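Read the structure below first, then the notes.
Computed from a predicted structure; not experimentally measured. Excluded from the calculations below are hydrogen atoms, water molecules and symmetry mates; all remaining heavy atoms, backbone and side chain alike, are included. So you know, we letter chains A, B, ... as the sequences are listed, proteins then strands, and number each from 1.
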There are 4 protein chains.
Amino acid sequence: MSQSEPAPAPQFANGRAGKRDRIIAAALRLFARQPYQEVTMDSVARLAAVAKGTLYLYFESKEALYLGILTDGFEKATQHNADDPQAQVAERLHHAIANSIEFYDSHRDFLQLLATEEPRIAAARSRVIQEFRQRGFDFFSSLIEEGMARGVFRRADPRVVTLTIIGAIRALLLYYDQPHDGAELSQELSRMMLEGLTAGTRNHRKAHTK
Amino acid sequence: MSQSEPAPAPQFANGRAGKRDRIIAAALRLFARQPYQEVTMDSVARLAAVAKGTLYLYFESKEALYLGILTDGFEKATQHNADDPQAQVAERLHHAIANSIEFYDSHRDFLQLLATEEPRIAAARSRVIQEFRQRGFDFFSSLIEEGMARGVFRRADPRVVTLTIIGAIRALLLYYDQPHDGAELSQELSRMMLEGLTAGTRNHRKAHTK
Amino acid sequence: MSQSEPAPAPQFANGRAGKRDRIIAAALRLFARQPYQEVTMDSVARLAAVAKGTLYLYFESKEALYLGILTDGFEKATQHNADDPQAQVAERLHHAIANSIEFYDSHRDFLQLLATEEPRIAAARSRVIQEFRQRGFDFFSSLIEEGMARGVFRRADPRVVTLTIIGAIRALLLYYDQPHDGAELSQELSRMMLEGLTAGTRNHRKAHTK
Amino acid sequence: MSQSEPAPAPQFANGRAGKRDRIIAAALRLFARQPYQEVTMDSVARLAAVAKGTLYLYFESKEALYLGILTDGFEKATQHNADDPQAQVAERLHHAIANSIEFYDSHRDFLQLLATEEPRIAAARSRVIQEFRQRGFDFFSSLIEEGMARGVFRRADPRVVTLTIIGAIRALLLYYDQPHDGAELSQELSRMMLEGLTAGTRNHRKAHTK
DNA sequence: TATGAATGAGATTTCATTCAT
DNA sequence: TATGAATGAAATCTCATTCAT
């Protein structure tokens, strides 16, 4: 009964892909709008237009499906990132902020999913999410620290700064309820953070020339 | 099923601590640590040391119990607030930040509860939370606008500023993982926000004398 | 979710017992007539005239229910036994055979249950059944060995003799399809076994005087 | 669903071992070790190294596959038998016992299969097994009766004797857990049965000269 | 008020069977 | 003949809610 492998995961080398993606898309849509427990495998199957059993051909369990969505989203998010290590620190910070806002702004369902997955989650998901969050944190954090090391940013607790930026991005995406485009929000946020970070440093002027 | 009146809400004329409070406390502890659906009425009853049927004497349903916790928490949060309309705007903003951090720092379970209750929730809770969030938003927002109107803060989209502050507070409370006390975090955050907001205004100096 | 104890197992100190017994009785009836997997909890509940959920109040799982039946049956079987260590060995052997036949003859469903539970069973049940079978084996076996040691029975492999007796009892109970009463069968079987065992010993006469 | 003809039963004109045999072998191995319901068509296909759909080319259904195994085994068992009507009754009885033990001892999986298929089985299998069992019963039974008619065996209920022998064979095969070879067991069993049957007859001596 | 045994709707998962290739 | 992805009926178990005591 349990001596079979964790589900053969059908090989679709050929072009008839699609089904797995359809399932992920349907599931994402639902998980983003309802609590985990209220999303039934029936409803996922219905929305993906496959039979219920088919879900289990591609995902071992409901939890695995959920994890699949997360992983899928994280991959897309990672690909979306593009840091230019040559550029000015301030520049790079602005780009990072803009990138994040842009990505989640165009992946609203995934944003919602993450937004509610904050802390009290099942052990299995926890790892995946923690790691992803940590990567985001580290990226911003090292940028901040580099800025401080170079004297472009004033001295401050880099953790506080990082969390401020990350928290702000999240809040803007979730609660900024006026019609807007992401670029404006990025502008406003970057500016405020840069002002807050460069106030009183020699490079104050320079950082804002752009 | 739901055409009975909203539950008699037993009166505790006598002095003993109140079963209702015990139930709320137990439920908060559990809801803060597990997703809604995984908290069973059985577990609440066990932790509160009452019989399962008793829960229904005080709360019409599981959902009502959850709502009770939220309302209870919001009341405490509101009481905790103390704004001094006479004080300087910058001063008041700092106080507001410090107050928030202090309150949630000493009500960790309630913080966790709110943290995961972000968007995809049952209709009934939604209203309660939305309203509370709105009140917080409005408070910070009007403070910011006042500051701008008086020329203490530079011009910027007050919504962006407000959400930045609120989002930052949330992120700091949830993810600042070093040992710390709340006051330090408030200091750091206020300072950064004030720098960001006053940069380039006449009152730049004045705002930072404190 | 799994930090609760293995199910409180309702305490019925008072006279209103019955329900657990009713469930056991219903389940025994069904398990004796259908393979394990074909007995549904629904059908057990229906036959016991309780709600499905009630089954889980008394038994943690379907497997536990099955185990409950086994244990219950084994207890009854053990109580039914009554060996008189003072009596003659041949006498005791006859009594043991008669006892067994009598018990299972009046507990047909339990007999059927055991009859199919032979070797390829779930790990959990295995222990319970093995132990019970072993006890039966040991009892007969020691009786045989004692008889041989005293020279009442002729020398032979006591395991072969024991298994012959046990196997014969089982076959008679299951496949003797003529109308009969158990006592006759016991007589016939005992006689044949005793003849086979005493042939050629000094005590040949003596063993058959009864 | 079942109004299609009983499956074309592919002809293997060519020499290669035959997929059907491979399937039977694989299925026997599995059915002997797990309850019917736990043997999945997937696992059979995997072990037989054919695709799942292929199973249905050779067997109409899972039940038909099971029946195929039984029939296959019964055929082999029948072929294994070899009675010499010229020989002495006692001789023939000993041979029959030895034959049975030998056959099942070298077809352990098939033994296990039968051992658990005792009474509570699906209607279709029941017939096949009953008939086979009946044949075995009749064979031993007529031998016993012949012995009694000739005065070689003492008077007794031939059904009891037959079932004793059959039951003993089964028990020895399944539960004799010491290292041994089948011939010894046959010796011991035959001897005991013959002692038990000839005790007190004129031919007592003669029957044991061998 | 307080209890906790009883209920039964509903969720996840399995797997024999089908069928397009 | 042979394949294996797809199907969906059916089974176990959970738990909010009720109600007799």
Side-chain angles (χ1 to χ4, degrees), chain A residues 1 4 7-12 14 16 19 37-45 50-65, chain B residues 1-2 4 8 10-12 19 37-46 50-65, chain C residues 1 4 7-12 14 16 19 37-45 50-65, chain D residues 1-2 4 8 10-12 19 37-46 50-65:
Chain A
M1 171 171 263
S4 54
Q11 308 297 347
F12 295 113
N14 50 17
R16 182 173 45 100
K19 200 157 288 193
Q37 308 276 0
E38 277 177 29
V39 175
T40 68
M41 293 303 261
D42 264 298
S43 65
V44 174
V50 299
K52 205 180 345 175
T54 305
L55 299 182
Y56 288 86
L57 230 47
Y58 291 84
F59 300 93
E60 229 184 359
S61 65
K62 185 181 177 184
E63 187 70 21
L65 170 55
Chain B
M1 173 177 269
S2 52
S4 53
Q11 308 297 344
F12 291 109
K19 227 163 252 196
Q37 307 275 1
E38 278 180 27
V39 175
T40 67
M41 294 301 263
D42 262 300
S43 64
V44 174
R46 209 178 311 134
V50 299
K52 195 170 15 167
T54 305
L55 298 182
Y56 288 85
L57 292 177
Y58 293 84
F59 300 94
E60 216 184 7
S61 66
K62 185 180 179 184
E63 187 70 20
L65 169 56
Chain C
M1 171 170 263
S4 55
Q11 308 297 345
F12 294 112
N14 50 18
R16 182 173 46 100
K19 201 157 285 190
Q37 307 278 0
E38 277 178 30
V39 175
T40 69
M41 292 303 259
D42 265 299
S43 65
V44 175
V50 299
K52 205 186 339 178
T54 305
L55 299 182
Y56 289 86
L57 230 47
Y58 292 83
F59 300 94
E60 229 183 358
S61 65
K62 185 181 177 182
E63 186 72 21
L65 170 56
Chain D
M1 172 178 269
S2 52
S4 54
Q11 309 296 344
F12 291 108
K19 228 162 254 197
Q37 307 276 0
E38 278 180 27
V39 175
T40 67
M41 293 302 262
D42 262 297
S43 65
V44 174
R46 208 178 313 133
V50 300
K52 193 167 23 163
T54 306
L55 299 182
Y56 288 85
L57 292 177
Y58 293 84
F59 300 93
E60 215 185 8
S61 66
K62 185 180 178 184
E63 187 70 21
L65 170 56

Watson-Crick and G-U pairing of DNA chain E, under 3.5 Å, as dot-bracket with | and [ ]: .||||||||||||||||||||
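- When the side chain to side chain donor-acceptor pair (under 3.5 Å) test is applied to A:Ser43, the partners found at least two apart in sequence or on another chain are A:Thr40.
- The separation between D:Arg46 atom CZ and F:dG4 atom P is 12 Å, rounded to whole Å.
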Pick out the pairs of N or O atoms, protein on one side and nucleotides 7-11 of chain E on the other, that lie under 3.5 Å.
from, atom 1, to, atom 2, distance (Å)
E:dT7, OP2, C:Ala51, N, 2.9
E:dT7, OP2, C:Thr54, OG1, 2.3
E:dG8, N7, C:Gly53, N, 3.3
E:dG10, O6, C:Lys52, NZ, 3.0

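- Every side-chain contact (heavy atoms from CB on, under 4.5 Å) that D:Ser61 has, sequence neighbours left out, goes to D:Glu63, D:Ala64.
- One interatomic measurement links the two molecules: CD of D:Glu60 to P of E:dT17, which rounds to 9 Å at whole-angstrom precision.
- When rounded to the nearest whole Å, the span between CZ of D:Phe59 and C1' of E:dT18 equals 19 Å.
- Look at CD on C:Glu38: it is 12 Å from P on E:dA16, rounded to the nearest Å.
- Taking atom CG on D:Leu65 and atom P on E:dT17, their separation rounds to 10 Å, with Å as the unit.
- Considering only side-chain N and O atoms, B:Tyr58 lies under 4.0 angstrom from the phosphate OP1 or OP2 of E:dA2.
- For D:Lys52, the salt bridge (charged side-chain N to carboxylate O under 4.0 Å, His left out) partners are D:Asp42, not counting sequence neighbours.
- Taking atom C1' on both E:dT1 and F:dT21, the two are 13 Å apart, rounded to the nearest angstrom.
- Residues A:Ala45 and A:Ala51 come closest through the heavy atom pair CB-C, 4.1 Å.
- Here D:Leu57 contributes atom CG and D:Lys19 contributes atom NZ; the two are 9.0 Å apart, rounded to the nearest 0.5 Å.
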